[in-house]
Amino acid sequence: MSIQVPEQTTESLLRSEIHREFSSGRTRSAEWRIAQLRGIEALCREREHEIAAALAADLGRSAVEAWLGDVASTAGEAAFARRHLKKWMRTQRVSLPLAQLPGRGWVQYEPLGTVLVIGPWNYPFYLAMAPVVAAVAAGNCVVIKPSELAPATSELIATLVPKYLDSSAIRVVQGGADTTQNLLAQGFDHAFFTGGTEVGRKIMAAAAPTLTPVTLELGGKSPVIVTAGADIEVAARRLAYTKLINAGQTCIAPDYVLADAAIADELADRIVASIVAFQDAPTLRIVNDRQFDRLVASIRETSGKVLHGATYDRASLRIAPTVIIDPSPDDQVMTGEIFGPILPILSVDSEETAVKFVNERPKPLALYVFAGSQKAGAAIVDRVPSGGAVVNHIMMHCLVPQLPFGGVGASGMGDYHGRWGFERLSHRRAVLAKRTFPDPSIIYPPYGKAALKIMRKLF
Ligand code: NAD
């Protein structure tokens, strides 16, 4: 009789190899974790120009934005985790209820095991590596699957990661949807996905059969509410600046504006003036034909008034920053995530209308409010749920490692950055240590009359 051994795929071999690495216990020590974080910092420092060149090839990104959006952001996350790691790793003592005395209780943070990181194309280096920072800080083995839509960056990550990090415990697999599905089918201790909401659903479904827990960092429409009391000039400048970064292809980019009718025209004019002033910078390009065609169709089909832009060139995949006034809420630019250099501005008659408008739609990844004071802005934030929120600025919350970053509802589940990422990819383990004495027989069956009385007092 011959025993049939199931054929091993590349993905299943990889899964068993890194599982073995994790089981060796090597990755648990603070020293290993710190060495990996130092490796990420060194990779960013020494290979900045190669990373920038890959991002220029994939996305036409300027060296300044490559540094800010991908290199400095990744190195900053790694340095912050390295500096705070030992404090995060400390066990936390808890006090015990009377019934459990004498004894000691504590929470200890343990690695989950193997983590699959699935990256998107828009910040293809940062969004593949920042989750790795959290994963190695928590002592996990990692498989990184960068986006196939940023092929030069994906190739560079596959080349450089083994040179700077522990190449047996941290692996890179290149490929698209099929590769990701095959990896997910192997079962991991966690899958960390950054990408669109629709693909997020597929990731969660693919993770379900193996009960792989998921973090989903998704997208959506992040609104900007501008009240009549806001500083219109600053709001306009910050809006134009952040919308232009990566040609609007940023998950927390301002998607659309709800402006108080009293200031809507002035705001729109000032946004256009800022766009014109900033356009000395080279216009960034759209990632591919499919996204370009989707964006151009939404400009062509809009029911709103085009105040600025609406010119494009398919050969170079460039779309001029476009401002649209009062499109219908059913318009394509108002129904799906824009993810491009198009800014719809809708005028509203009150703060109440703006709050209602956002709350009738899926919970956004970010909410931005420009108001006369931080207090007035915070009061609106309190009435509109979102993943994160910023008062009187846009996107800056993602640069604060002390703040958790993540979505809520349709914009995602689970957060990371700084300590939050360490906790996300650690198991918070409860430990209770008891003595064997005293061991009163009264609490064991058969219960005597006094037992219930005593238990009622104790528990
Ligand atoms: P995407 O969802 O198309 O792809 C992301 C990753 O999923 C890629 O690695 C891809 O290979 C993989 N993938 C695609 N289809 C798959 C499938 N059927 N099964 C398994 N894996 C699959 O996202 P994208 O286009 O690369 O990125 C843009 C989206 O990501 C936007 O919606 C944006 O808002 C969102 N995003 C969110 C964040 C965040 O932090 N919340 C950051 C960046 C981008």
Side-chain angles (χ1 to χ4, degrees), residues 11 58-59 69-70 73-74 77 116-131 133-134 143-151 153-154 157-158 172-186 188 191-209 212 214-222 245-255 286-292 294-295 336-340 362-367 386-388 395 397-399 403-417 420-421 424:
E11 288 84 5
D58 286 332
L59 300 161
D70 284 86
S73 48
T74 306
E77 268 295 315
L116 172 63
V117 172
I118 308 158
W121 56 261
N122 61 337
Y123 291 86
F125 184 80
Y126 171 60
L127 292 172
M129 296 308 292
V133 168
V143 173
I144 311 168
K145 209 298 287 172
S147 173
E148 74 284 14
L149 297 182
T153 312
S154 174
I157 291 172
V172 183
V173 176
Q174 297 194 75
D178 288 349
T179 305
T180 315
Q181 289 285 345
N182 290 339
L183 284 166
L184 282 166
Q186 307 312 313
F188 281 78
F192 193 110
F193 170 79
T194 306
T197 300
E198 277 318 308
V199 177
R201 284 185 227 281
K202 294 179 185 163
I203 298 291
M204 199 165 170
T212 298
V214 290
T215 296
L216 302 177
E217 301 291 342
L218 309 178
K221 293 181 81 61
S222 297
I245 292 175
N246 203 22
Q249 302 168 111
T250 303
C251 59
I252 47 171
D255 189 280
I286 305 307
V287 67
N288 57 28
D289 292 356
R290 200 165 66 88
Q291 296 298 331
F292 177 90
R294 176 183 65 80
L295 289 163
E337 180 181 11
I338 295 174
F339 222 57
K363 289 179 192 152
L365 182 57
L367 169 73
S386 69
M395 301 203 328
H397 60 311
C398 81
L399 299 176
L403 287 174
F405 182 87
V408 61
S411 57
M413 58 181 75
D415 44 27
Y416 72 130
H417 287 188
W420 314 99
R424 168 87 20 222

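Counting starts at 1 for both ligands and their atoms, in listed order.
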**Q.** For atom 40 (O) of ligand 1, closest protein heavy-atom neighbour
**A.** Phe405 CE2, 3.4 Å
Q. Got the closest protein heavy atom to atom 35 (C) of ligand 1, with its distance?
A. Gly195 O, 3.2 Å
Q.
Under 4.0 Å from a heavy atom of Leu127: which atoms of ligand 1 are those, numbered in the order shown and with their elements?
A. 42 (C), 43 (C)
Q: Provide the number and element of each atom of ligand 1 under 4.0 Å from a heavy atom of Trp121.
A: 24 (P), 25 (O), 26 (O), 27 (O)
Q | Numbered atoms of ligand 1 (with element) below 4.0 Å of Ile203, judged on heavy atoms | A | 20 (C), 21 (N)
Q) Which part of Glu148 is near ligand 1, with near meaning a heavy atom under 4.0 Å away: side chain, backbone, both or neither? A) side chain
**Q.** Polar contact flag, side-chain donor to acceptor under 3.5 angstrom, Asp255-Ser222
**A.** no
Q: Write out the residue and atom name of the closest protein heavy atom to atom 36 (N) of ligand 1, then the distance separating them to 0.1 Å.
A: Cys251 CB, 3.4 Å
Q) So between Leu184, Leu216, Val199, whose heavy atom ends up nearest atom 13 (N) of ligand 1? A) Val199
Q.
Counting only heavy atoms closer than 4.0 Å, does ligand 1 sit against the backbone of Leu365, its side chain, both, or neither?
A. side chain
Q: Considering only non-hydrogen protein atoms, determine which one is nearest to atom 1 (P) of ligand 1 and report residue, atom name and distance to 0.1 Å.
A: Gly196 N, 3.8 Å
**Q.** Output field: ring centroids Phe339/Trp121 closer than 6.0 Å
**A.** yes
(Q) Looking only at side-chain N and O atoms, does Tyr123 offer a donor or acceptor that is under 3.5 Å from a partner on Ser73? (A) no
Q | Gly412 touching ligand 1 at heavy-atom level, < 4.0 angstrom | A | no
(Q) Test your reading of the structure: does Glu337 have an N or O sitting under 3.5 Å from an N or O of ligand 1? (A) yes
(Q) In terms of relative ring orientation, are Phe405 and His417 parallel, tilted or perpendicular, with 30° and 60° separating the classes? (A) parallel
(Q) For ligand 1 and Gln181, I'd like to know whether there is a polar contact (N/O to N/O, distance under 3.5 Å). (A) yes
**Q.** atom 6 (C) of ligand 1: the protein heavy-atom neighbour that sits closest, reported with distance to 0.1 Å
**A.** Gly119 O, 3.4 Å
Q: Look at atom 25 (O) of ligand 1 and say whether a protein heavy atom is found at less than 4.0 angstrom from it.
A: yes
Q. Using heavy atoms and a threshold below 4.0 Å, how should the contact between Thr197 and ligand 1 be classified: side chain, backbone, both, or neither?
A. neither
Q: Under 4.0 Å from a heavy atom of Lys145: give me the atoms of ligand 1 that qualify, with their elements.
A: 8 (C), 9 (O), 10 (C), 11 (O)
Q) Tyr123: heavy atom below 4.0 Å from ligand 1, yes or no? A) no
Q.
So if I count the atoms of ligand 1 from 1 in the order they appear, which ones are less than 4.0 Å from some heavy atom of Asn122?
A. 43 (C), 44 (C)
Q) Considering residues, nucleotides and ligands other than Asp178, do more than 12 of their heavy atoms fall under 6.0 Å from its CG? A) no
Q | Thr180 side chain reached by Lys202 side chain, heavy atoms, under 4.5 Å | A | no
(Q) Tell me the nearest of Asp178, Leu183, Ile118, Thr194 to atom 5 (C) of ligand 1, using heavy-atom distances. (A) Thr194
Q.
Taking 4.0 angstrom as the limit and counting only heavy atoms of Lys202, give me the atoms of ligand 1 inside it, by number and element.
A. 18 (N)
Q | Those atoms of ligand 1 less than 4.0 Å from some heavy atom in Glu217 | A | 37 (C), 38 (C), 39 (C), 40 (O), 41 (N)
Q. Side chain or backbone of Leu218 under 4.0 Å from ligand 1, or both, or neither, by non-hydrogen atoms?
A. backbone
**Q.** Test of proximity, Gly175 against ligand 1: N or O pairs below 3.5 Å
**A.** no
Q. Evaluating non-hydrogen atoms only, which member of Val117, Thr180, Thr179 is closest to atom 21 (N) of ligand 1?
A. Thr180
Q. So which bit of Thr250 gets within less than 4.0 Å of ligand 1, heavy atoms only: side chain, backbone, both or neither?
A. neither
(Q) Any heavy-atom pair between the side chains of Lys145 and Val117 that's under 4.5 Å? (A) no
Q: May I ask you to check whether Phe193 has an N/O atom sitting below 3.5 Å from an N/O atom of ligand 1?
A: no
Q. Relative to the heavy atoms of Phe339, which atoms of ligand 1 are at a distance of less than 4.0 Å?
A. 28 (C), 31 (C), 33 (C), 34 (O)
Q: Would you mind checking which non-hydrogen protein atom is closest to atom 17 (C) of ligand 1, with the distance to 0.1 Å?
A: Ala177 CB, 3.5 Å
Q. How close does the nearest protein non-hydrogen atom get to atom 27 (O) of ligand 1, and which residue and atom is it?
A. Pro120 CB, 3.5 Å
